[in-house]
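Okay, so here's the structure we're looking at.
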Amino acid sequence: MGLTKQYLRYVPDGVLNYLAAQRCNIATIQEQTNSKGDRRSRSHWIAFACGEIIHVWDIRRNEKVLQFTSVAEEVTCLAFMNNEKLLAAGYADGSIAVYNLFTEQLVFSQKGHKSSVNCIAFNSDGSLLASGSNDTETILWDVVGQTSLCRLKGHKSPITDCRFMLHHPYLLTSSKDSLLKVWDLQTYRCCSTLVGHKSEINKFILLNEDQRLVTGSADSEIRVYDLTFVDPKGEIDASTATTTPEENVIASALENESTDTNSSPVRWKMAGSIIRHGKDRIVGMAVDPTGGYLSFHGNDAWLECIKMNTDEKVKELLGRRVRKKRKKMKKELLTEDAAEDPLEEDEPLTASELLEFQFTKLPPHKCGGKIFSLVFLKKAASEPPTLLLNLGNSLRSVSIDVGDNLLKEASSVALPAHRFDIRTSAITSDGNTIITSCSEHLRIWNREAMQCVHTIPCDYAVSSALIPGDRFLVLGSKNGKLELFDIIEGVMHVSIQAHAGPVWGLCLYNDARKSIITGGEDKEVKFWDLDFGSPDSDRGMTLTCRKTVKMDDSVASVRLSPDQKLLAVALLDNTVKVMMADSLKFRHSLYGHALPVTCMDISWDSRFIVTGSADKNVKIWQLEFGDVAKSLFAHDDSVTSVLFIPRTHMFFSAGRDGKIKQWDADKHERITTFSGHHSEVWSLALTADGRTLVSTSHDRSIRLWQKTDEILVLDEERETVRKQSWC
């Protein structure tokens with residue numbers, strides 16, 4: 001019996017790029033109660049997610065204080081318990097998890113939904129938790145018993161928001177079916193349904209101790225409802241009455257509106273609507289802890305805010321209106337002298353007119369980028385209300401000027417993160433420095449500290465290569481430029497226009513000549529000489545083109561064999577042209593892919609060349625003669641990157657399906673699959689010893705994978721994959 005080939009397992013070794021995810025909301029602590037022996041103030045703690053990792057951040061100190069990871073899926077929603085003891089999270093696979101901030105441990109985690117969780121909320125005492133999902137169901141969870149209580153069914157479309165009432169045993173849920181339902185927490189049944197919206201209800205807020213409801217939908221209208229509650233005897237709860245004998249004008253306005261005559265314990269009354277500045281759907285809505293301001297935003301960069309006037313302020317505004325109207329009538333001689341009591345003879349206001357006095361719209365404020373979520377921060381009574389906005393790669397605070405009724409930017413907490421897709425990556429031979437680039441910046445990361453040490457502006461990067469010596473990096477851009485960076489000093493030395501289109505292919509000679517080969521969309525392959533200059537003269541670094549080769553089609557990738565003999569050029573005609581590196585004489589053509597080759601790599605001994613294509617296949621070729629050894633269906637979407645492990649015939653492949661797979665080119669079989677990214681994987685990079693793998697993705701995360709001494713058994717790995725496919 002022959003010896004079985006052994007493989008060593010790669011395991012996750014950290015995630016870089018602290019980025020507040022666009023899909024997940026920001027949660028903040030609204031109350032402050034420190035446990036015994038704990039002197040840390042949590043009033044300035046917020047929570048945001050990056051993939052499956054939850055970061056608890058102190059915005060006053062601008063530092064991370066806690067980190068939670070228990071479910072290997074993307075976090076979609078977060079909620080703090082009012083006493084700041086617990087943090088709940090919903091995930092993309094339908095799971096929920098509850099974490100204890102005091103012990104910094106997981107309380108419990110269960111999977112109850114069939115699809116992504118969209119919203120999650122605690123009740124006032126934290127004993128109940130509600131989660132709404134894309135599966136149209138809402139689940140009530142017993143936090144103390146760590147189990148589910150019931151499954152609320154009634155909506156026909158995904159749940160968009162859920163909230164508990166503070167002073168009544170009811171749960172409110174909204175959905176894309178344009179309905180808002182009230183669920184009785186004693187009978188677990190729907191006791192009332194709000195109809196009338198023409199489109200989906202995205203967000204809603206409860207105000208005035210559950211007496212007022214504000215909803216936001218897919219149009220530019222904010223709808224306001226007054227709520228009344230009926231006890232089992234059919235009598236209206238006096239504590240929820242919206243009128244008092246002294247408020248004659250307010251009472252007359254409500255009497256003009258039709259009342260709800262159904263037998264529901266919760267009754268709705270349309271109070272009016274407010275027209276927003278934005279025209280698209282509501283994305284986020286929040287109310288400050290004092291209940292004095294309501295803020296919301298759409299799918300753009302505009303932030304809007306409404307001031308909710310007190311009863312005294314409403315009476316003052318009504319008095320001004322009456323006096324102004326009387327003065328106008330006297331001036332036009334349309335009436336005689338005013339009566340003693342102007343309110344008795346004045347025409348009653350409608351609810352919509354009254355709403356204009358109860359709410360004061362502040363001028364909209366345009367932020368520096370698209371707003372993904374917002375939340376009010378807890379402030380002292382002497383401090384102005386402050387909003388915290390998630391703009392992608394930065395957390396920006398906006399304060400409300402109470403005197404002038406204006407929104408003003410207060411400060412910005414910039415996270416050390418890429419805001420856009422990370423398209424290229426590189427790692428030094430010792431594995432201590434990682435270089436990543438996107439459409440606006442090149443960032444240099446220290447692996448040991450897991451922090452960004454340099455940020456350099458750059459063009460839209462689509463290819464990059466680290467020059468031997470681990471000091472200089474050359475980058476090819478979407479605009480056809482070649483840029484040379486010093487990663488130690490953190491500066492750019494050279495930027496030249498190399499091609500008329502994107503530089504999709506870039507590789508280096510592995511000798512002392514410091515030569516660079518590039519291929520672009522302009523159907524040209526160019527050879528460059530890099531001159532580092534002389535310290536004795538003022539002449540700096542230069543890149544000089546010494547040769548240009550015209551190809552038949554646009555170039556997608558270029559690779560030079562490690563023995564420096566053969567050059568492979570992938571074209572958009574689905575083929576790879578192999579030519580002699582010195583004379584550029586055509587050797588042979590690799591054809592067989594149904595769609596263009598997007599990436600390729602050559603093994604260390606120049607024996608194999610692996611090509612990945614948009615047809616989802618990976619092909620293994622004999623480089624010397626050009627015959628295909630094996631064609632593998634590698635990914636469920638286009639293959640974006642392939643990379644050989646140094647000194648082996650094993651290689652990695654990455655695709656738009658978010659998976660990274662390890663293959664054996666000798667046995668033509670898959671070894672294992674890495675799951676971690678939640679979107680397309682764009683690039684891979686390996687250290688010289690092959691022990692550290694770096695991957696970057698459309699989800700803006702940079703993931704590290706470390707080779708261990710654990711032996712990977714293929715049969716066990718395949719059995720695990722089969723079990724996961726059946727779950």
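- Taking a cutoff of 4.0 Å between a charged side-chain nitrogen and a carboxylate oxygen, K481 and E483 do not qualify as a salt bridge.
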Derivation of the side-chain hydrogen bond (donor to acceptor under 3.5 Å, both in side chains) call for S477 and N479: CA-CA 5 Å; S477 75; N479 296 325; 5.1 Å; no
side-chain hydrogen bond (donor to acceptor under 3.5 Å, both in side chains) between S701 and H677, worked out: CA-CA 8 Å; S701 65; H677 289 289; 3.2 Å; yes
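- Note on K616 versus D636: no salt bridge recorded, every NZ/NE/NH1/NH2 to OD/OE distance being 4.0 Å or above.
- By the 4.0 Å N-to-carboxylate-O rule, R447 lies close enough to D13 to be salt-bridged with it.
- S641 and S683 form no side-chain donor-acceptor contact under 3.5 Å, judged by distance and modelled atom types alone.
- Ionic pairing of E52 and R703 is present here: one or more N-O contacts between side-chain nitrogen and carboxylate oxygen are shorter than 4.0 angstrom.
- Comment: K478 does not engage D459 in a salt bridge, judged by the lack of any side-chain N to carboxylate O separation of less than 4.0 angstrom.
- Electrostatic pairing of E440 and R419 does not count as a salt bridge here, judged by no charged N lying under 4.0 Å from a carboxylate O.
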Stepwise side-chain hydrogen bond (donor to acceptor under 3.5 Å, both in side chains) check, N17 with H418: CA-CA 7 Å; N17 210 39; H418 288 287; 5.1 Å; no
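- Counting only residues at least two apart or in different chains, side chain to side chain donor-acceptor pair (under 3.5 Å) contacts with residues 495-508 comprise H499-T518, H499-D522, W504-E521.
- Between the side chain of D288 and the main chain of P385, no donor-acceptor pair closer than 3.5 Å is present.
- Counted by atom type alone, H635 and D657 present one or more donor-acceptor pairs between their side chains at under 3.5 Å.
- Two residues are said to be in side-chain contact when any heavy atoms from C-beta on lie closer than 4.5 Å; R700 and D421 meet this criterion.
- The closest side-chain heavy-atom distance from V398 to T386 is not below 4.5 Å.
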